[in-house]
**Student:** 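Take a look at the following structure, please.
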Amino acid sequence: MALRMWASSTANALRVSSTVSRTNFSLSRCFSTVLEGLKYASSHEWVKHEGSVATIGITDHAQDHLGEVVFVDLPDTGTSVSHGSSFGAVESVKATSDINSPISGEIVEVNTKLSETPGLINSSPYEDGWMIKVKPSNPSDLESLMGAKEYTKLCDEEEVH
């Protein structure tokens, strides 16, 4: 008797879930973490501007598409970076990708932990996996970047195509 009741309730649950699955839902396709308070480039780098320094890294969306990061090539402190130009590379089990600077300026610090533990980019892209800190030379570079909502929309649109 108990088994028949369990089977009946399970069958009812399956009918309900199959009915629900046929309903159209509008769900975001970008399941990566996008943080408020950061600025984002269309090339999937993020910028956190605090005082006179901007911290730069790659987004959760980017690291997710790259897969396991195995090597990071970053420039030296004191090097200049230009908006839209490559400043380094990330090598993953899938591919090697250039990292573009979303802003222009001088590098004041490099995350040296990444040379020993490149996987920090995967496990903590917005905290421990940051790449460089830059003293911005052109404030309008920051204004041209996207906020969290715009970046989420970009990720959604990319997933559709």
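All heavy atoms count here, side chains included; hydrogens, waters and symmetry mates do not. All figures in this text were calculated on a predicted structure; none of them were measured in a lab.
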**Student:** Taking the side chain as everything from C-beta on, heavy atoms only, tell me whether Ser42 gets closer than 4.5 Å to Met146.
**Tutor:** yes
**Student:** Going by heavy atoms in the side chains, are Ser104 and Ser137 under 4.5 Å from each other?
**Tutor:** yes
**Student:** How close do Pro102 and Asp141 get, heavy atom to heavy atom, and via which atoms?
**Tutor:** O-CB, 4.1 Å
**Student:** Where is the tightest heavy-atom contact between Ala148 and Leu35, given as atom of each residue plus distance?
**Tutor:** CB-O, 3.7 Å
**Student:** Out of curiosity, Leu114 CG to Leu120 CG, how far, rounded to the nearest 0.5 Å?
**Tutor:** 6.0 Å
**Student:** Are the side chains of Leu38 and Val47 in touch, meaning some heavy atoms are under 4.5 Å apart?
**Tutor:** no
**Student:** Between Met131 and Leu74, is any pair of side-chain heavy atoms under 4.5 Å apart?
**Tutor:** yes
**Student:** Looking only at side-chain N and O atoms, does Tyr151 offer a donor or acceptor that is under 3.5 Å from a partner on His61?
**Tutor:** no
**Student:** Hey, does Leu145 have a side-chain heavy atom less than 4.5 Å from the side chain of Ile103?
**Tutor:** yes
**Student:** Scan the side chains in residues 91-99 for donor-acceptor partners under 3.5 Å anywhere in the protein, sequence neighbours excluded, and list what turns up.
**Tutor:**
{"unit_1": "Ser92", "atom_1": "OG", "unit_2": "Leu66", "atom_2": "O", "d": "2.7"}
{"unit_1": "Ser92", "atom_1": "OG", "unit_2": "Lys94", "atom_2": "N", "d": "3.1"}
{"unit_1": "Ser92", "atom_1": "OG", "unit_2": "Ala95", "atom_2": "N", "d": "3.1"}
{"unit_1": "Ser92", "atom_1": "OG", "unit_2": "Ala95", "atom_2": "O", "d": "3.1"}
{"unit_1": "Lys94", "atom_1": "NZ", "unit_2": "His65", "atom_2": "O", "d": "3.4"}

**Student:** Measuring only between side-chain heavy atoms, which start at C-beta, is Phe71 closer than 4.5 Å to Val69?
**Tutor:** no
**Student:** Could you pull out the closest heavy-atom pair between Val110 and Asp76, with the gap in Å?
**Tutor:** CG2-C, 4.1 Å
**Student:** Any sub-3.5 Å donor-acceptor pair from His49's side-chain atoms to Gly51's backbone N or O?
**Tutor:** yes
**Student:** My understanding is that a hydrophobic cluster links ILVMFWY residues whose side chain heavy atoms are under 4.5 Å apart, including indirect links. Using that, what else belongs to the cluster containing Val108?
**Tutor:** Val53
**Student:** So which atom in Pro118 and which in Val70 form the shortest heavy-atom distance, rounded to 0.1 Å?
**Tutor:** CG-O, 3.3 Å
**Student:** I'd like to know whether CD of Glu109 has more than 12 heavy-atom contacts from other residues, nucleotides or ligands below 6.0 angstrom.
**Tutor:** yes
**Student:** Which value, rounded to the nearest 0.5 Å, describes the distance between Lys39 atom NZ and Ile56 atom CD1?
**Tutor:** 14.0 Å
**Student:** Does Glu116 use its side chain to pair, donor to acceptor, with the backbone of Lys113 at less than 3.5 Å?
**Tutor:** no
**Student:** Any donor and acceptor pair, going by atom type alone, linking the side chain of Tyr40 with main-chain N or O of Leu154 inside 3.5 Å?
**Tutor:** no
**Student:** Which pair of heavy atoms, one from Asn138 and one from Ser140, lies closest together, and at what distance?
**Tutor:** OD1-OG, 2.8 Å
**Student:** Calculate, to the nearest 0.5 Å, the distance between atoms CD1 and OG1 belonging to Ile107 and Thr77 respectively.
**Tutor:** 7.0 Å
**Student:** Let me confirm one number: the OG-CG distance from Ser82 to Asn100, rounded to the nearest 0.5 Å.
**Tutor:** 11.0 Å
**Student:** Measuring from Glu36:CD to Lys149:NZ, what's the distance to the nearest 0.5 Å?
**Tutor:** 7.0 Å
**Student:** Does any N or O in the side chain of Asp128 come within less than 3.5 Å of the main-chain N or O of Ile121, such that one atom is a donor and the other an acceptor?
**Tutor:** no
**Student:** Nearest 0.5 angstrom please: Lys135 NZ to Ser80 OG, how far?
**Tutor:** 11.5 Å
**Student:** Is the Lys NZ or Arg CZ of Lys48 less than 6.0 Å from the centre of Trp46's six-membered ring, within 45° of the axis?
**Tutor:** no
**Student:** How about Thr59 and Glu45: do any of their side-chain heavy atoms sit closer than 4.5 Å?
**Tutor:** no
**Student:** Could you report the tightest heavy-atom contact between Pro75 and Phe87, atom names first, then the distance?
**Tutor:** CD-O, 3.0 Å
